[in-house]
S.K.: 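Here's a structure for you.
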Protein chains: 2
Amino acid sequence: MLSEERRRNILELLQTEGRVLVGGLSKRFRTSLITIRKDLEFLHRQGQLERTHGGALPLRTGALHDRSLQEKERLHRHEKLRIAAAAVRMIRPGQVIILDSGTTTTAIARACRQFRSLTIITNATNVADELSGTSVEVILTGGTLRKNSFSLVGPLAEESLRRLSADLLFLAVDGFDVRYGLTTPNLLEARVNRAMAEAARRTIEPFPDHADIRGARNHYRP
Amino acid sequence: MLSEERRRNILELLQTEGRVLVGGLSKRFRTSLITIRKDLEFLHRQGQLERTHGGALPLRTGALHDRSLQEKERLHRHEKLRIAAAAVRMIRPGQVIILDSGTTTTAIARACRQFRSLTIITNATNVADELSGTSVEVILTGGTLRKNSFSLVGPLAEESLRRLSADLLFLAVDGFDVRYGLTTPNLLEARVNRAMAEAARRTIEPFPDHADIRGARNHYRP
DNA sequence: ACCAAGTTTCGATTTATTTCGAATTAATTG
DNA sequence: CAATTAATTCGAAATAAATCGAAACTTGGT
């Protein structure tokens with residue numbers, strides 16, 4: 001493994017896991033603690049992470065590194081990766097894909113970075129961020145940014161989807177938060193999802209096994 | 001095998017494999033390590049890959065980690081903060097503001113986080129990120145995400161702006177990059193800016209002193 | 001076909017970088 | 001303060017890179 005490669009991987013891990021440990025990295029990359037520490041020191045001097053005793057943390061900037069979201073990212077991580085891999089296999093170069101917002105679709109987006117010719121339409125700003133810098137063409141629907149979320153909803157989002165069309169839609173709603181129940185944001189999100197379904201020739205719902213799909217289906221599924 | 005041919009192959013391999021090793025390339029192309037190193041050095045000088053010890057990696061993608069952008073952020077930082085403070089003084093609670101994309105408007109957005117009642121319309125995803133988690137209402141225009149940038153452009157962006165109206169527009173174009181000149185993205189961006197100006201009752205152009213406003217005004221200013 | 005100028009490739013040597021272990025020093029926790 | 005854990009330092013070994021002169025190959029002209 002190249003040292004630069006390892007450093008990039010460390011940064012990526014830091015982004016997805018929220019933190020890294022010297023010991024953990026050492027085991028993962030089959031290298032010594034000293035080498036890992038050198039890497040962390042290097043990345044710290046580059047201003048790419050914050051060094052701590054025993055590991056490192058991401059720079060605390062912006063909502064992208066929000067704690068609760070990172071925890072959600074970790075949840076069922078393996079399953080999401082499995083779904084993402086399956087999703088990628090369904091995609092052909094040159095196609096136009098719609099991704100809704102959520103941690104599962106974020107994983108799908110991450111897996112799509114490799115594509116050379118692909119257009120992704122989404123209402124999730126974090127999905128757009130994941131794909132920035134790749135050769136994937138990203139179209140963001142407009143809309144109102146939901147609080148504590150990265151999704152765009154509202155009339156603007158729905159109307160922009162009416163002007164677009166796509167081959168595939170991945171709709172991976174994680175299920176609803178039972179504590180909050182059926183709130184207005186859910187409704188708005190559901191309307192956007194319906195607009196997405198109308199814009200796509202084919203809809204795929206790769207539900208994680210854990211998702212509470214009953215309530216979702218009964219009320220809002222497009 | 002021609003050297004140029006080999007170099008193209010190296011780049012292609014790099015894209016598909018994610019990395020290349022000097023030793024591996026040497027075996028694959030039946031040529032010496034020295035020759036491969038020359039190739040990698042050449043391609044590195046062309047800015048086509050990132051050289052590392054023992055091999056090479058693709059250029060670090062992801063606009064978030066883009067070096068040049070971070071440097072741009074730091075550039076004229078003090079002045080931008082001054083502009084941001086001045087901008088905030090012009091804003092009254094409850095108003096609707098439009099911010100275009102750029103480092104100066106990002107600074108303005110950051111300074112707006114304190115507002116309790118404010119709506120900000122923008123075509124810059126990083127501005128949206130800055131304001132997520134605040135009580136500011138954020139409306140993102142739709143559009144195509146520009147490469148190596150955070151701005152949304154294209155018909156979708158323009159149309160969504162036609163459906164909106166605002167009290168103030170802060171248009172803080174940093175000036176054009178003389179190296180690239182008048183490119184299509186500039187044009188698209190200029191069209192969005194014009195749509196913004198039409199949606200706003202009043203336009204404010206807090207140009208940093210260093211901005212090259214002549215070329216901008218002559219060609220594209222709305 | 002032939003030659004000469006220029007480029008590409010190469011091997012051997014020197015130089016630099018990376019990685020690591022062991023010992024020392026510093027920090028954290030109870 | 002003592003025990004534990006992490007960080008730093010130093011030197012050594014392995015690996016990769018740069019240098020340089022020579023050989024092989026292209027190219028363009030006669």
Side-chain angles (χ1 to χ4, degrees), chain A residues 1-61 65-68 70-71 73-74 77 133, chain B residues 1-62 64-68 70-71:
Chain A
M1 163 154 299
L2 304 163
S3 61
E4 184 60 28
E5 191 181 5
R6 190 181 53 243
R7 285 168 185 165
R8 287 189 192 189
N9 273 323
I10 289 174
L11 280 181
E12 220 168 289
L13 267 173
L14 195 56
Q15 189 122 35
T16 57
E17 306 277 330
R19 69 163 190 181
V20 289
L21 303 175
V22 175
L25 294 173
S26 168
K27 275 213 301 188
R28 172 183 262 266
F29 294 117
R30 319 278 170 105
T31 182
S32 76
L33 299 168
I34 294 124
T35 303
I36 295 297
R37 282 197 263 262
K38 269 238 163 86
D39 289 342
L40 294 184
E41 187 201 341
F42 176 86
L43 291 169
H44 175 67
R45 292 173 67 87
Q46 296 268 327
Q48 306 249 244
L49 52 73
E50 186 118 8
R51 191 65 219 281
T52 70
H53 279 253
L57 293 173
L59 298 170
R60 47 199 179 335
T61 63
H65 309 109
D66 184 280
R67 178 78 65 83
S68 66
Q70 277 186 14
E71 281 166 12
E73 281 257 347
R74 270 196 290 279
R77 193 163 144 297
Chain B
M1 162 156 297
L2 301 153
S3 61
E4 187 56 30
E5 192 181 2
R6 191 180 52 243
R7 284 168 185 167
R8 287 190 193 188
N9 272 325
I10 290 174
L11 281 181
E12 224 169 285
L13 266 172
L14 192 57
Q15 190 107 33
T16 57
E17 306 278 327
R19 70 162 187 184
V20 289
L21 303 175
V22 175
L25 293 173
S26 167
K27 276 213 299 187
R28 171 183 263 266
F29 294 116
R30 320 280 169 105
T31 181
S32 75
L33 299 168
I34 294 114
T35 303
I36 295 298
R37 281 198 264 263
K38 270 236 162 86
D39 289 341
L40 293 184
E41 188 201 343
F42 177 86
L43 292 169
H44 175 67
R45 293 172 68 88
Q46 297 268 328
Q48 306 249 243
L49 51 74
E50 183 137 354
R51 189 67 218 281
T52 72
H53 277 251
L57 293 173
L59 292 173
R60 215 176 347 208
T61 57
L64 284 169
H65 309 113
D66 189 286
R67 178 80 63 85
S68 67
Q70 279 184 13
E71 280 166 11

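Here the structure is a predicted model, which is why all the values come from computation and not from measurement. Letters A, B, ... mirror the listed sequences (proteins, then strands); counts begin at 1. The figures that follow rest on heavy atoms only: side chains count, while hydrogens, waters and symmetry mates do not.
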S.K.: Quick check: on DNA chain D, is the nucleotide nearest A:V22 upstream (toward 5') of the one nearest B:G54, or the reverse? Name the residue that is more 5'.
M.R.: A:V22

S.K.: How close or far is atom C1' of C:dT7 from atom CZ of B:R6, stated in whole angstroms?
M.R.: 13 Å

S.K.: Measure from CZ on B:R30 to C1' on C:dC10 and round the result to the nearest Å.
M.R.: 17 Å

S.K.: Taking all heavy atoms of B:R19 and all of A:M1, pick out the closest pair and write down the distance.
M.R.: NH1-CA, 3.5 Å

S.K.: What's the CD-P distance between B:E5 and C:dT9, to the nearest Å?
M.R.: 11 Å

S.K.: Please check if the side chain of A:S26 supplies one atom and the backbone of A:T31 the other of a donor-acceptor pair under 3.5 Å.
M.R.: yes

S.K.: Would you check, one step at a time, whether the test side chain to side chain contact (heavy atoms under 4.5 Å, CB included) holds for B:L25 with B:L13?
M.R.: CA-CA 9 Å; B:L25 293 173; B:L13 266 172; 3.8 Å; yes

S.K.: Nearest 0.5 Å please: distance from the CD1 atom of B:I10 over to the CD atom of B:Q48.
M.R.: 11.5 Å

S.K.: Heavy atoms under 4.0 Å, any strand shown: does B:T52 hit a base, just sugar-phosphate, or nothing?
M.R.: sugar-phosphate

S.K.: Rounded to the nearest Å, what distance is computed from the CG atom of residue A:L21 to the P atom of nucleotide C:dT28?
M.R.: 16 Å

S.K.: In whole Å, what is the span from the NZ atom of A:K27 to the C1' atom of C:dC20?
M.R.: 19 Å

S.K.: Near DNA chain C, which residues from residues 34-46 of chain B have a heavy atom under 4.0 Å away?
M.R.: B:I34, B:T35, B:K38

S.K.: Indicate the atoms forming the closest heavy-atom contact of B:V22 with B:R37, along with that distance.
M.R.: CG1-CG, 4.0 Å

S.K.: What integer distance in Å separates A:F29:CZ from C:dT18:P?
M.R.: 17 Å

S.K.: Just to verify, which of A:L49, A:L11, A:L14 counts as forming a side-chain contact (heavy atoms from CB on, under 4.5 Å) with A:P58?
M.R.: A:L14

S.K.: Send over the distance from A:E4 CD to D:dA16 C1', rounded to a whole Å.
M.R.: 16 Å

S.K.: Only one of A:L40, A:I34, A:L33 passes side-chain contact (heavy atoms from CB on, under 4.5 Å) with A:I36; say which it is.
M.R.: A:L40

S.K.: When the nearest nucleotide of DNA chain C is assigned to B:L33 and to A:M1 on a heavy-atom basis, which residue is associated with the more 5' position?
M.R.: B:L33

S.K.: Nearest 0.5 Å, please: how far is NZ in B:K38 from CG in B:L43?
M.R.: 13.5 Å

S.K.: State whether B:T31 places a side-chain N or O below 4.0 Å from either non-bridging phosphate oxygen (OP1 or OP2) of C:dC10.
M.R.: yes

S.K.: For the helix from C:dA1-D:dT30 to C:dG30-D:dC1, what is the angle between the axes at its two ends, each from 5 pairs, rounded to 10°?
M.R.: 50°

S.K.: On DNA chain C, does the nearest nucleotide to A:H53 precede the nearest nucleotide to A:L2 from the 5' side, or the other way round? Give the residue.
M.R.: A:L2

S.K.: Might you point out which heavy atoms bring B:D39 and B:R6 nearest each other, and give the distance in Å?
M.R.: OD2-NE, 2.5 Å

